[in-house]
Amino acid sequence: MARRYDASEIEPRWQRAWAAEGLFRAVDDPADARPRFYALDMFPYPSGDLHMGHAEAFSGGDAVARYQAMRGHNVLHPIGWDAFGLPAENAAIKRGVEPEEWTYANIEQQAASFDRMGMSFDWSRRLNTCDPDYYRWTQWLFLRLFDKGLAYRKESPVNWCPTDATVLANEQVIQGACERCGTMVERRELTQWFFKITDYAQRLLDDAESLVDWPERVLTMQRNWIGRSEGAEVTFTIAETGEEITVFTTRPDTLWGATFFVFAAEHPAVRRLAELAGTWDRVEPLVRTAAQTSLVDREAADTREGVFLGVHAVNPVNGEQIPCYAAPYVLMGYGTGAIMAVPAHDQRDFEFARQHGVAVRVVIQPEGETLDGDTMTEAYAGEGVIVHSGPFDGRSTPDSIDEVIAWLEAEKRGRGAINFRLRDWLISRQRYWGAPIPIVHCPACGEVAVPDDQLPVVLPDDVDFTPGGDSPLAHHPSWKHVTCPSCGGEAVRDTDTMDTFVDSSWYFFRYCSPGYEDGPFRSEDVNRWMPVGQYTGGVEHAILHLLYSRFVTKVLFDLGMVSFTEPFPRLMNQGQVIFDGAAMSKSKGNIVEPMPLVERWGADTMRLTMLFAGPFEDDIDWKLIAGAPDKRPGVHAWLGRVFAAVGDAIARGDVAEPEALVRLTHRTIRGVTEDMDRFRFNTAISKLMVLTNEMRGGLDTGAGAFGAARALVAMLAPLAPFAAEELWRTDLGEAASVHRASWPTFDPALTVEERVTLVVQVNGKVRDKVSVAADVSEEDVIAAARASAGAQRALEGREPVKVIARPPKLVNFVVED
RNA sequence: GCCGGGAUGGCGGAACUGGCAGACGCGCGGGACUCAAAAUCCCGUGAGCUUCGGCUCGUGCGGGUUCGACCCCCGCUCCCGGCACCA
């Protein structure tokens with residue numbers, strides 16, 4: 001009687017057993033001699049139940065954790081929830097549910113689903129970022145940045161929805177409109193808290209070089225986001241007032257080609273200069289429009305509009321006076337907010353010059369060509385020979401850039417400079433459901449840190465969520481009124497909360513010291529477990545979360561709290577689960593949920609479906625890989641065959657196995673091990689399927705397969721943990737879990753084939769295949785090839801002019817025709 | 001526009017370092033079992049031609065290097081992702 005596979009009976013039973021045994025607890029005893037492995041999955045946001053993306057990501061992450069445990073590691077595989085954030089507040093506004101209630105209900109549902117899936121989490125380390133025990137330390141982290149001058153307040157433009165009367169995050173502005181009410185977003189200047197991540201720009205860039213195990217695209221995105229540019233700062237003088245204005249340029253070699261000068265519309269000097277020159281009437285509308293245009297619209301605009309200010313700038317390299325304009329195409333947030341414009345060699349400046357009738361002066365020409373500024377149709381940004389540039393005439397560029405910078409420094413007209421596109425991290429949110437910023441504003445003392453021993457600053461639970469323009473905390477009748485920790489006078493709390501990316505920038509440290517009450521974590525715990533052995537999650541966090549986490553790690557390193565500067569040396573991004581080429585969405589009505597699949601066919605089938613569909617980092621199109629919901633998935637049928645084959649093998653007992661099966665088993669162990677090390681779950685599963693098929697072939701002839709069965713079950717464990725455990729403990733009779741068994745090993749001698757297929761080619765075309773001994777000599781292999789029927793037929797009696805022999809795999813006869 | 005990644009049967013995908021293209025699975029066709037169906041098992045399955053021995057073509061397109069190219073080089077096309085006035 002063949003062993004039957006019944007997931008619905010097996011899975012809940014082992015799920016309970018694992019929990020009762022505490023099987024997945026990480027061992028914190030320093031005396032434990034096993035090497036440690038921190039398997040980290042990006043923690044979920046609790047909006048509803050788990051979705052397909054979670055199912056895919058955690059299937060991979062859990063396979064890694066289980067595999068590493070079987071490889072002899074003491075594995076830390078924690079879970080938690082990124083539980084602060086706007087959706088909870090929106091649920092409160094829309095449906096009248098308390099954010100806290102909504103959040104915790106979703107967390108419980110997701111936790112139950114994870115359990116049902118059999119995720120090997122160490123539940124004892126579970127955390128939620130919205131728990132006061134957690135956000136106490138988020139606030140503590142803020143204060144350490146505040147102490148170091150890395151957290152500061154300044155006025156900054158933000159997205160403002162006039163209907164909801166509230167500030168929106170960039171992600172909440174959809175094509176210039178509020179995502180909730182559709183009103184066009186405006187721009188407002190508000191005083192906001194920032195983290196000074198720009199101080200770490202160079203280190204974030206330099207250390208990225210060490211992240212060789214990150215996906216290339218993620219590293220590229222980070223580098224582009226940081227955006228380092230080398231160039232020079234050059235100081236121009238306003239002819240009419242004598243005031244000095246510095247610009248940044250990456251092309252100091254084109255300084256002699258500057259024919260006008262442009263200020264960002266918001267530049268503080270614009271109004272003063274325009275009023276002085278009597279042009280404010282004409283300039284003012286432009287400035288006002290720029291100030292009101294949302295940041296999103298502003299970046300999407302591509303006009304070359306601008307207004308002459310009526311003043312002139314003196315070019316320090318040649319004393320020339322050039323007209324000054326204000327134009328929105330120059331950004332206040334980058335460089336100095338003012339530029340020298342070189343229309344001949346910058347396309348944007350060129351378009352502006354043509355539209356406003358400004359001269360175009362060529363100072364760089366391609367070798368052997370002459371460009372004419374009056375007739376050229378686009379800027380020339382290439383290499384070439386320098387002309388009309390005083391001491392640099394006749395030199396070539398870009399080689400001369402460094403010499404121009406040296407000359408500027410010697411002449412005291414400018415200096416070499418580096419600029420980054422990276423901006424400081426705006427962390428203020430005028431929102432309720434976040435960690436309150438632990439600052440008290442005192443009329444006498446200014447910004448005062450809440451003392452560490454008064455943390456956490458707890459969120460009140462009786463607030464009005466109706467959008468009102470600033471944080472709901474500001475409207476609470478009593479919460480914000482406190483005494484100043486410094487002078488004892490009357491003061492008010494800061495009523496903003498922190499960006500949820502602050503919460504998620506340090507959660508992986510907290511997992512190392514769960515429940516620790518004297519700090520966010522114990523350094524010795526963190527330094528034992530970290531850096532993370534493998535970080536798994538979605539590519540949507542390629543920039544923000546990963547950049548912020550790297551930044552916070554470097555700050556903690558500088559504080560002497562951790563001994564490393566990069567938290568995640570190995571990163572893997574799973575692909576998205578899509579449907580019919582598009583993201584699953586409610587409006588499309590094409591959402592497929594993982595839990596019904598788990599209930600119908602079992603968690604193991606859900607995992608195998610995800611992992612077998614293709615490379616882990618590729619997208620999965622559910623429409624293409626899944627049949628009808630009630631149609632039995634192929635991987636489920638395979639598990640059925642595994643049960644039957646293992647059952648039969650056990651019934652026959654540990655008797656002699658065909659040598660071919662023994663060799664295949666060893667080759668399979670080698671191959672699957674390599675695949676697991678490289679996240680190649682799809683090919684690992686395929687190799688296990690081949691082994692299953694071969695076992696069944698042997699069993700048909702009455703031979704044994706016990707060793708193959710044991711290896712198969714062990715290798716199945718990270719991929720289909722319930723089925724493997726059932727076979728291991730119930731059928732094979734092992735007392736201890738397969739998930740704490742040793743990963744099978746192979747004998748290299750047995751992975752080598754005894755006989756191999758020799759490919760016989762004539763002129764590179766396959767003409768025959770012959771079985772030969774693996775250690776065949778060159779002469780013998782050529783003789784065997786030549787004797788083959790296919791070679792005889794194709795050679796037609798001709799003598800090869802050349803014979804290429806690669807024993808034992810290939811012989812190629814080259815003949816002339 | 002710039003940057004990154006792709007394109008292989010009807011479908012998802014394999015192919016180590018340049019050496020059997022299409023592993024494994026889905027789907028489909030045929031068969032066994034069955035009163036029947038489901039389940040299960042077996043056989044076949046890139047295209048065309050075939051005297052059934054084989055032959056020709058075939059990894060987005062066009063060239064090249066090589067005894068030999070899905071793989072390397074040059075030139076394109078299309079698709080996906082990211083950034084997008086960053087001076």
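In what follows, chains carry the letters A, B, and so on, assigned in the order in which the sequence lines appear, proteins first and then strands, with residues in each chain numbered from 1.
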With a 4.0 Å cut-off, would you call Arg251(A) and Asp253(A) a salt bridge? yes

Between C67(B), A23(B), A39(B), spot the one nearest the side chain of Ser686(A), thanks. A23(B)

Polar atom pairs between nucleotides 50-56 of chain B and protein, under 3.5 Å, N or O only, would you list them?
residue, atom, partner, partner atom, Å
C55(B), OP1, Arg767(A), NH1, 3.2
U56(B), OP1, Arg767(A), NH2, 3.4
U56(B), OP2, Arg767(A), NH1, 3.0

Among C83(B), A15(B), A87(B), which nucleotide sits nearest the side chain of Arg421(A)? C83(B)

Is Asp675(A) paired with Arg680(A) through a side-chain N to carboxylate O contact shorter than 4.0 Å? no

Which of the following nucleotides, A87(B), G19(B), C3(B), is nearest to the side chain of Gln761(A)? G19(B)

Quick one: the side chain of Lys802(A) and the base of C67(B), do they pair up donor-acceptor inside 3.5 Å? no

Nearest-nucleotide check on RNA chain B, Asp619(A) vs Val539(A); residue mapping nearer the 5' end is Asp619(A)

Between G68(B), G25(B), A39(B), which one does the side chain of Asn812(A) approach most closely? G68(B)

Spacing of the P atoms in G27(B) and U34(B) (rounded, Å): 25 Å

Using purine N1 to pyrimidine N3 plus N6-O4 or O6-N4 for Watson-Crick, or N1-O2 and O6-N3 for G-U wobble, both under 3.5 Å, which nucleotide pairs with C78(B)? G6(B)

Just grab all the ring-ring contact (aromatic ring centres under 6.0 Å, His included) pairs involving residues 670-693 of chain A, residues at least two apart or on different chains. Phe616(A)-Phe679(A), Phe616(A)-Phe681(A), Phe679(A)-Phe681(A)

With RNA chain B as reference, determine whether Ile339(A) or Lys631(A) sits nearer its 5' end, using the nearest nucleotide of each. Lys631(A)

I need the CD1-P distance between Ile405(A) and A87(B), as an integer number of Å. 13 Å

Under a 4.0 Å threshold between the charged nitrogen and the carboxylate oxygen, would Glu320(A) count as salt-bridged to Arg361(A)? yes

Give the rounded distance in Å between these two atoms: CG of Asp621(A) and P of C80(B). 13 Å

Check every atom of A15(B), G25(B), C67(B) against the side chain of Met689(A) and return the nucleotide holding the closest atom. G25(B)

Given Phe260(A), which partner from the list Phe236(A), Phe352(A), Phe350(A) fulfils the ring pair (Phe, Tyr, Trp, His ring centres under 6.0 Å) test? Phe352(A)

Rounded to the nearest angstrom, tell me the gap between atom CG in Leu624(A) and atom C1' in C26(B). 11 Å

Can we say Glu694(A) and Arg696(A) salt-bridge, meaning some charged N sits less than 4.0 Å from an Asp/Glu carboxylate O? no

Using 30° and 60° as the class boundaries, would you call the ring planes of His636(A) and Tyr5(A) parallel, tilted or perpendicular? tilted

Can you check the Leu639(A) CG to U40(B) C1' distance for me, whole Å? 16 Å

In terms of base orientation, is G53(B) syn or anti, with the syn window spanning 90° either side of 0? syn

Nearest to the side chain of Thr249(A), heavy atoms from C-beta on, is which of A14(B), A87(B), C83(B)? A87(B)

What's the closest nucleotide to the Thr220(A) side chain, out of G4(B), G19(B), G13(B)? G4(B)

Where does G63(B) land, syn or anti, given syn is within 90° of 0? anti

Mind telling me whether His356(A) and Tyr325(A) have parallel, tilted or perpendicular rings, with 30° and 60° as the class edges? perpendicular

When you measure from the side chain of Pro615(A), which nucleotide among A87(B), G25(B), A14(B) comes out closest? A14(B)

Checking contacts here: which listed nucleotide (C24(B), A15(B), C41(B)) is nearest the side-chain heavy atoms of Arg680(A)? A15(B)

Base of G5(B) paired with side chain of Glu216(A) (donor-acceptor, under 3.5 Å): no

Rounded off to whole Å, could you give me the NZ-to-C1' distance for the Lys809(A) and A21(B) pair? 14 Å

Rounding to a whole Å, what distance do you find between Phe261(A):CZ and A87(B):C1'? 12 Å

Check this for me: does the side-chain of Arg806(A) come within 3.5 Å of the base of G19(B) through a donor and an acceptor? yes

